[in-house]
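Report on one structure; see the data block that follows.
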Amino acid sequence: MKRHTGQDRSVTKNWKPATLAVRGGTARSEWGETSEAMFLTSGYAYDCAGDAAARFAGEQAGMTYSRLQNPTVEMLEERIALLEGAEACRTMASGMAAMTAALLCQLSAGDHLVQGRAAFGSCRWLTDSLLPRFGIETTIVDARDPQQFIDAVRPNTKLFFFETPANPTMDVVDLKAVCAIARERGIRTVVDNAFATPALQRPMEFGADIVAYSATKMMDGQGRVLAGAVCGTAEFINDTLLPFTRNTGPTLSPFNAWVVMKGLETLDLRIRRQSENALKVGAFLEKRVAKINFPGLPSHPQHELAMSQMAACGPIFSFEVAGGRSQAHGLLDSLGLIDISNNIGDSRSLMTHPASTTHASVAEEKRLEMGVTEGMLRLNVGLEDPDDLIADLDQALGAVGL
Ligand SMILES: *Cc1c(COP(=O)(O)O)cnc(C)c1O
């Protein structure tokens, strides 16, 4: 592998995000390929036994085993780190592998964390069901109100863990305020930035310590692979995260890493167009449904806060119909263009009923505490013409009497 300028931080520090998205982290093989090579290999051969020993001892640069290092995966990791403005990044096999690793690598029995009420269903399962088995307690707060973080802090609080905007209620967290509250108290923040991605929001600029991703969503953006990533300081990644992931093995496949790398090349274009489309569709829906949760709309109570920390609103929002689950399911069943699907960040428009899908594993009273009602639907607005999407929604709403 030849060093390419994309791997040289003294060069990349002068590049703007659009350049980083297509060239950041690139390394080239002896063939000089323009599109990054896919290294589908589990192991590496050594010239002599001494080299193998030196590499295992960390005395010689080079790779030993793809659970630990892989050239294609490392190109993606450098690209995400550069886009995030982070010292380092490690990718994982899925977003949930990233969230699990980001938490478990640094928590021990007796620790406490504070989590935003609205969260991806499996993130709530981690803190509701998994961590308590290991003696780690969580206090759930309404993350829209920074004071609730202050009130929840205990002497053993180690982490604040939240999403902004959050899935699926679209709660927005004041990043600057909440990260400052954590810093003052020696608490680390873990921000799940899947909805915004570094193209729209860089939580570290507001003081976040660790930013974690489902790269399955906007980063791939075309509904092809699962992937995750964790960004942080080099010290955190190398000394805390890596010992955990190298030995437990939530490793991203080089094939999937390559697909996500291709996705990043168009991330900025996609997310901005999808944000524009979402605003058009949101403005239409606002007049037809009981409630819409979309920080991109000026009517949303957190619109100004969201737009002060995001470059655009993103493609995802939720809304509520008054007729509960039966009307929500009826609306889904009447769609002709928009797919019934629980993925998000895809270039296709997708709609789901969170209470019976993504958040079905969360107990009903917890769902209601999170704001996930029976009439809530979540929409990911894709790259189709927004007029076609509005026509589909118009007829589907009509079919259920709205
Ligand atoms: C999808 C999602 C996850 C989980 O990611 P996977 O790639 O599906 O494992 C975590 N957090 C948020 C906010 C998500 O949307």
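These numbers come from a predicted model, not from an experiment. Numbering of ligands and ligand atoms starts at 1, following listing order.
Ionic pairing of Glu205 and Arg202 is present here: one or more N-O contacts between side-chain nitrogen and carboxylate oxygen are shorter than 4.0 angstrom. A salt bridge links Arg272 to Asp268: one of the charged nitrogens lies within less than 4.0 Å of a carboxylate oxygen.
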When the side chains of residues 307-319 are checked against the rest of the protein, which donor-acceptor pairs come out under 3.5 Å, sequence neighbours left out?
from	atom 1	to	atom 2	distance (Å)
Ser308	OG	Leu305	O	2.7
Gln309	OE1	Leu175	N	3.1
Gln309	NE2	Val173	O	2.6
Ser318	OG	Pro168	O	2.6
Ser318	OG	Asn293	ND2	3.0

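Screening Asn193, Thr197, Asp192 for a side-chain hydrogen bond (donor to acceptor under 3.5 Å, both in side chains) with Tyr213, the sole residue that qualifies is Asn193.
Taking the ring centre of Phe120 as origin, the terminal cationic atom of Lys217 falls inside the region bounded by 6.0 Å and 45° from the ring axis.
Protein residues are said to neighbour a ligand when one of their heavy atoms lies under 4.0 Å from it; for ligand 1 these are Ser94, Gly95, Met96, Phe120, Glu163, Asn167, Asp192, Ala194, Phe195, Ser214, Thr216, Lys217, Ala227, Ile344.
If you look at Phe149 and Phe160, their ring centroids are closer than 6.0 Å.
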